[in-house]
2 protein chains.
Amino acid sequence: MSGEFSFALLATDGAARRGEIATPRGKIRTPAFMPVGTAATVKAMFLDSVRASGADIVLANTYHLMLRPGAERIAALGGLHKFMGWPHPILTDSGGYQVMSLAALRKVGEEGVTFRSHLDGEMFALSPERAIEIQNLLGADISMQLDECLKLPAPETEVERAMRLSLRWAERSKRAFEGAPAGRALFGIVQGGVTPRLRAESARALAAIGFHGYAIGGLAVGEPQDAMLSTVEETVLELPAAAPRYLMGVGEPDDILAAAARGVDMFDCVLPTRAGRHALAYTRNGKINLRNARHAEDPRPLDETSACPAARDHSRAYLHHLVKANEMLGAMLLTWANVAYYQELMHGIREAIVARRLADFAAETRANWTKEPR
Amino acid sequence: MSGEFSFALLATDGAARRGEIATPRGKIRTPAFMPVGTAATVKAMFLDSVRASGADIVLANTYHLMLRPGAERIAALGGLHKFMGWPHPILTDSGGYQVMSLAALRKVGEEGVTFRSHLDGEMFALSPERAIEIQNLLGADISMQLDECLKLPAPETEVERAMRLSLRWAERSKRAFEGAPAGRALFGIVQGGVTPRLRAESARALAAIGFHGYAIGGLAVGEPQDAMLSTVEETVLELPAAAPRYLMGVGEPDDILAAAARGVDMFDCVLPTRAGRHALAYTRNGKINLRNARHAEDPRPLDETSACPAARDHSRAYLHHLVKANEMLGAMLLTWANVAYYQELMHGIREAIVARRLADFAAETRANWTKEPR
């Protein structure tokens, strides 16, 4: 492992970009989808299969790992890559989002946030500096600044206050990151809700501080898709073209298609893995709810053209049976199929950008999604 | 797929036998351990890994499959091998054991047993003939006669009554099996509790009827190990040497070592898979409870000499973390490691019989089991 973190733009198609992030642990082809490995495991999957599906990078959650097993313990065991058995790039979030969504008794102040663990009630403190320290201990290839995530809708004054606080935390994060090993990257996070003025201010201020990449946070939290996409479109205009752009927590395949067309380079979302544990398959021809009785005698696989054994080699009747019988193998196969489908989608997006036919690819892809009866 | 069912004795060491069962779907090296695939899945495992671990055959449960998804449905989908994606031999039990242990309102009569499904309360009837019909529909390579399993201890008169009923069911099973496709086998089941006189009568009567193989049922139901082993030893004397002998539901590795030494050829048990879902690992050096906090910072794998990636490539600290976090991957890895260890044990037993050193192998193996602190 040597080398610097860098981002190369290989091709564009309108606002869409085909790029490549280089890290000491390997390359990340963009637009990229990062499967979520919350607690040092992509739930219900072997990481060999995650890799074989085409994933160049996975995401892990600072909040979960700081509570259990603890960042210092993972560091003592050789870091997160070794701990979970994934030698390729890892991005860690800063913990801010989960503090807001999972922890109890959270209290946000200028210094940072204190909260009670949702696991055992123990009190924890997370400051911008501690979030960086934890991510350094984990050995993340890409670290995220701590930010304050609000639930939308929220009053504009509150959105503005949280955005400004996140900017001050961004500066502190950058300073704290100065001692990080060579080749590791830190991303700033644009906040500002769905208010263009606030998003623009946040993006410009972050660009002035200077990060290896820029995330768009605080979206996909319940707002309509058009509000999310117009915010993405406006925010991207304010971000440096030479750095990767990461839309956090997004999303449905349709959101990814639309956001990639607007110049987003990186995505993560629990949907493919969570859906896999809830009987829902994402396929080339649309979503399939395997719990539905109409699959009980259907000998067809999810997708006979898929390169993924889970999608190609098992009948819907068998998957339906596994789901009805609450068998772990059902979640294992459907998660695998979903992660593979998301990677197949990203591959298609990347190829289409290079061929300058992303709009056509998106239209064809969306048309295909209507083929499975809903 | 063609050919007949046959059993060849390749070597002996005392009462222990190294053999090979030939079926149209492949060979089964004996002594063999059959991982349990209750509901058409070896819980928490991909069947590719089951196969790679060295298993020649898996077991599936008639009771579970007749209730869900139903034998006729599996037959319409091409049979159990195709349904679950396991082209190798499958043994199905007759359903009798699960009717006694799981179903409600069961009523045993001369004709058979009626019971209420533990899933939805629907009433079902299982006769010797229906049990064979179901197993034929599933396409089992080895079918088992329906028998009545008692919970031990039971009054001797009751054990005798159930044994005699099981013998009459054995005759009816054999007649019902006459139309089965070529190459498929039917095993009779010796009953009689831990009473030598009853076991001998049952074994002799079954041998007189004539089966492809003989199972010893009704053991490993709570009796002491020495009672089980002496029953096995006496029963084996009454069974034809030219047919395989199957000790149902056994057991701990120590039980398997002891019973193989007494001439048993086949085993099945839920222990390796169930233990894998409950944080318990079986290894060459003994059992390891991964829930124990002493593993939290242990960088060692379960067994660095194992050929199984689950046992060899992940730290105990990681496995402990997965177990504590209730992550599915914990069950997936531990089940895989356990199934692989059981197959490694069977491989060792087979090699030792050929080398006529089973007693030494058993002593060495048992000594190794004490190496992990309990």
Side-chain angles (χ1 to χ4, degrees), chain A residues 37-50 64-65 67-70 72-74 76-78 80 82-85 119-120 273 276-277 293 295-301 309-310 312-333 335-336, chain B residues 37-50 64-65 67-70 72-74 76-78 80 82-85 119-120 273 276-277 293 295-301 309-310 312-333 335-336:
Chain A
T38 305
T41 159
V42 175
K43 288 183 193 295
M45 279 195 81
F46 292 118
L47 285 169
D48 285 354
S49 308
V50 175
H64 289 280
L65 294 173
L67 300 188
R68 184 173 61 194
E72 277 74 9
R73 177 168 291 168
I74 289 178
L77 288 160
L80 183 57
K82 184 173 178 189
F83 184 63
M84 67 192 289
L119 296 176
D120 60 4
T273 41
R277 300 194 303 284
H295 304 298
E297 303 188 331
D298 192 337
R300 293 175 303 152
R312 187 192 57 209
D313 297 345
H314 299 278
S315 68
R316 299 178 188 200
Y318 185 55
L319 296 170
H320 171 76
H321 165 67
L322 294 174
V323 163
K324 293 290 285 184
N326 213 17
E327 286 286 349
M328 231 179 264
L329 185 59
M332 292 161 63
L333 289 171
T335 302
W336 188 6
Chain B
T38 306
T41 160
V42 175
K43 289 182 192 298
M45 280 195 80
F46 291 118
L47 284 169
D48 285 355
S49 309
V50 174
H64 290 279
L65 294 174
L67 300 188
R68 185 175 57 196
E72 278 73 10
R73 177 169 290 168
I74 289 178
L77 287 159
L80 183 57
K82 183 173 178 191
F83 185 63
M84 68 192 290
L119 297 176
D120 60 4
T273 41
R277 299 194 305 282
H295 304 298
E297 302 187 333
D298 192 336
R300 294 176 301 152
R312 187 191 60 207
D313 297 345
H314 299 279
S315 68
R316 298 179 190 203
Y318 184 55
L319 296 170
H320 171 76
H321 164 67
L322 294 175
V323 163
K324 294 290 284 186
N326 212 17
E327 285 286 350
M328 232 178 265
L329 185 60
M332 290 161 64
L333 289 170
T335 302
W336 188 6

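Any value given below was found using the heavy atoms of this structure, including those in side chains, with hydrogens, waters and symmetry copies removed.
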Short side-chain to backbone donor-acceptor contact, R68(B) and H321(A), under 3.5 Å: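 Not confirmed, R68(B) side chain does not pair with H321(A) backbone.
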Might you point out which heavy atoms bring A296(B) and L77(A) nearest each other, and give the distance in Å?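 Between these two residues, the closest heavy atoms are O-CD1, 4.1 Å.
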Please name the pair of heavy atoms, one in M332(A) and one in A44(B), separated by the smallest distance, quoted to 0.1 Å.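 Minimum heavy-atom separation between M332(A) and A44(B): CE-O, 3.4 Å.
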Could you tell me which portion of [X] (side chain, backbone, both or neither) has an atom closer than 4.5 angstrom to a non-hydrogen atom of chain B?
X: M45(A); value: backbone
X: A76(A); value: neither
X: L119(A); value: neither

Apply the test side chain to side chain contact (heavy atoms under 4.5 Å, CB included) to residues M84(A) and H314(B): give CA-CA distance (whole Å), side-chain angles for both, the deciding distance (0.1 Å), then the verdict. CA-CA 8 Å; M84(A) 67 192 289; H314(B) 299 279; over 6 Å; no
Under 4.5 Å from any heavy atom of chain A, what part of [X] do you find: side chain, backbone, both or neither?
X: E297(B); result: both
X: I74(B); result: neither
X: K324(B); result: both

How are the rings of Y318(B) and F83(A) set to each other: parallel, tilted or perpendicular (split at 30° and 60°)?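 Rings of Y318(B) and F83(A): perpendicular, as their planes differ by over 60°.
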Pick whichever of G85(B), A325(B), G330(B) has the most heavy-atom pairs under 4.5 Å with chain A.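 Going by pairs under 4.5 Å, I would pick A325(B).
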Any chance you could measure L333(B), atom CG, to T41(A), atom OG1, to the nearest 0.5 Å?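 It is 8.5 Å, given to the nearest 0.5 Å.
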To the nearest 0.5 Å, what is the distance between CG (D313(B)) and CG (L47(A))?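 D313(B) atom CG to L47(A) atom CG measures 12.0 Å (nearest 0.5 Å).
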For N326(B), look at atom CG and say whether over 12 heavy atoms of other residues, nucleotides or ligands are found less than 6.0 Å away.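 Not more than 12 within 6.0 Å, no.
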